[in-house]
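Data first, discussion second: the structure below is written as structure tokens.
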There are 2 protein chains.
Amino acid sequence: MATHLVNHVQRFASADKTFCDLPPAVAEALEHEALTTTYPTGAVLFAEGQSPRGVFIVRRGRVKLSICGSDGRTLILRMVEPGLLLGVAAVVSGCTYEATAETQEPSEISFLRHSDLLRLMRLHGELALWVTQQISADYASTCREIRDLILSDSASEKLARLLVGWLDQNAEARNPSQMKLALTHEEIGQMIGTSRETVSRLFAGFKKQRLIQQSGSTLVIPNRVALESLITA
Amino acid sequence: MATHLVNHVQRFASADKTFCDLPPAVAEALEHEALTTTYPTGAVLFAEGQSPRGVFIVRRGRVKLSICGSDGRTLILRMVEPGLLLGVAAVVSGCTYEATAETQEPSEISFLRHSDLLRLMRLHGELALWVTQQISADYASTCREIRDLILSDSASEKLARLLVGWLDQNAEARNPSQMKLALTHEEIGQMIGTSRETVSRLFAGFKKQRLIQQSGSTLVIPNRVALESLITA
DNA sequence: ACCCATGTGTGATCCTCATCACCGCTCGAA
DNA sequence: TTCGAGCGGTGATGAGGATCACACATGGGT
């Protein structure tokens with residue numbers, strides 16, 4: 001039990017870079033008030049339109065943030081990585097959750113109640129500032145999303161942009177870069193606002209042009225620059 | 001000069017509902033640090049991609065917030081009304097301005113330097129919380145924007161949604177509601193992500209269906225419900 | 001009164017996807 | 001093994017808009 005606690009603290013210390021920015025007292029308060037839980041794949045933390053219960057902090061795993069239209073179609077806003085907050089906007093502004101959050105893999109997630117967050121923020125300007133930074137980043141990312149999705153037109157450009165973005169995050173450094181493809185064509189379509197079939201056809205086209213190779217769930221991008229040339233074409 | 005100051009304070013007291021939420025000390029600090037200027041129509045407060053100098057608070061007038069794609073096309077994110085903040089996300093998160101802000105009419109706008117905002121936020125949890133609420137609202141509105149623009153498809157649905165949204169803000173209460181149409185077809189197109197010609201054709205169609213009437217720059221919507229029936233169709 | 005700039009109306013054409021339809025594959029459960 | 005569900009490939013078709021190309025209005029400036 002003792003060793004378990006130690007691991008716990010170590011992991012947080014090393015993984016949660018976000019907490020390092022905060023004064024120790026604030027970080028401790030957060031740790032103290034938050035309730036950390038482990039979720040299986042596919043757990044829904046909150047759904048679009050629900051009134052906010054609190055915020056979630058991703059410790060380990062990955063969470064899919066999506067919105068869905070009246071006709072049932074879905075758009076994936078982004079994948080949320082460890083260290084980031086979920087649901088702040090709703091809690092702070094008081095309106096309903098703006099999207100649906102669902103775990104993509106088994107994940108460890110802390111929960112902080114509505115009232116606790118607001119109380120702590122009022123108490124610690126530093127914390128409030130930190131939270132604001134998080135939302136600001138979300139906002140910026142959403143603006144980029146809008147630009148890419150609406151002002152790009154061609155679906156191939158959107159897909160290329162998505163792949164290049166993945167390279168920056170996931171890929172091993174060496175060239176040709178390769179990475180695991182964790183999403184289905186359907187989900188990729190939901191990330192760039194096109195249909196499953198179009199994604200399939202685009203991948204086929206990219207392969208024909210030697211822009212990508214695929215073996216199993218491993219995606220190889222032999223030449224990043226070629227891919228990038230599709231963007232802003 | 002004395003009377004001028006009095007008017008100043010009076011107007012802020014009555015128009016800036018946002019400031020009422022803040023403790024008087026904080027509001028005063030804001031007033032003290034901020035620099036208020038009057039801009040003509042078409043003034044660019046900041047442009048997408050610039051590194052942030054500070055935040056702007058709209059006191060009077062209207063500001064257009066837009067982003068523009070690599071091919072030159074423009075998307076108007078929203079019109080910013082008095083009492084709201086501009087450019088917070090960029091200042092707080094440290095990345096570049098996420099959009100371009102341009103006055104749509106002669107406007108009175110306060111400016112608060114980067115460092116002053118951060119200092120005040122650190123100092124006053126209340127202020128930080130207030131700022132966070134503002135960004136949260138922006139974020140929520142941007143998410144709605146994404147949903148409407150990407151998950152709607154038909155251009156007519158988007159236009160109907162825009163008009164109904166305007167009704168909620170601008171229109172006189174009586175039925176048939178009417179309002180001033182302050183934007184060109186081009187700009188409307190930029191708000192819903194379609195071309196100028198499509199907007200023109202849509203308006204023609206709406207008129208034929210008796211959904212709208214137009215005389216000069218005055219738009220009459222005889223039957224709001226009929227318009228709404230186009231949404232989620 | 002003129003002119004030019006800016007906004008608007010509308011046809012013709014083309015192209016990109018969404019959609020439907022169907023097939024084959026793989027993998028896990030019964 | 002067999003079945004079925006989920007995923008992926010690919011053709012055919014059609015629709016919705018972007019785009020181009022005009023012509024017409026409006027209105028401010030000289």
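A, B, ... follow the sequence lines: proteins, then strands. Residue 1 opens every chain.
- For L149(A) and dC17(C), the CG to C1' distance is 15 Å, given to the nearest whole Å.
- One donor-acceptor pair, N or O on each side, does fall under 3.5 Å between the base of dT19(D) and the side chain of R201(B).
- Checking dT10(C), dG8(D), dA18(D) against the side-chain heavy atoms of R196(B) singles out dT10(C) as nearest.
- Comparing K207(B) and S154(A) along DNA chain C, the residue whose closest nucleotide (by nearest heavy atom) sits nearer the 5' end is K207(B).
- Distance, E197(A) CD to dC20(C) P: 9 Å, rounded to whole Å.
- Residue I188(B) contributes atom CD1, which lies 10 Å from atom P of dG9(C) at whole-angstrom precision.
- Nucleic acid contact for G193(A): sugar-phosphate only, since backbone atoms but no base atoms lie under 4.0 Å from a heavy atom of the residue.
- Going from atom CD1 of I150(A) over to atom C1' of dG17(D) covers 15 Å, rounded to whole Å.
- L183(A) has its CG atom 18 Å from the P atom of dG6(D), to the nearest Å.
- Shown here for A89(B) and Y139(A), the closest heavy-atom pair between the two residues is CB-CD2, 3.3 Å.
- Under 4.0 angstrom from either OP1 or OP2 of dG8(D) there lies no side-chain N or O belonging to S200(A).
- Listed pair T198(A) / dA18(C) meets the phosphate criterion, a side-chain N or O lying under 4.0 Å from OP1 or OP2.
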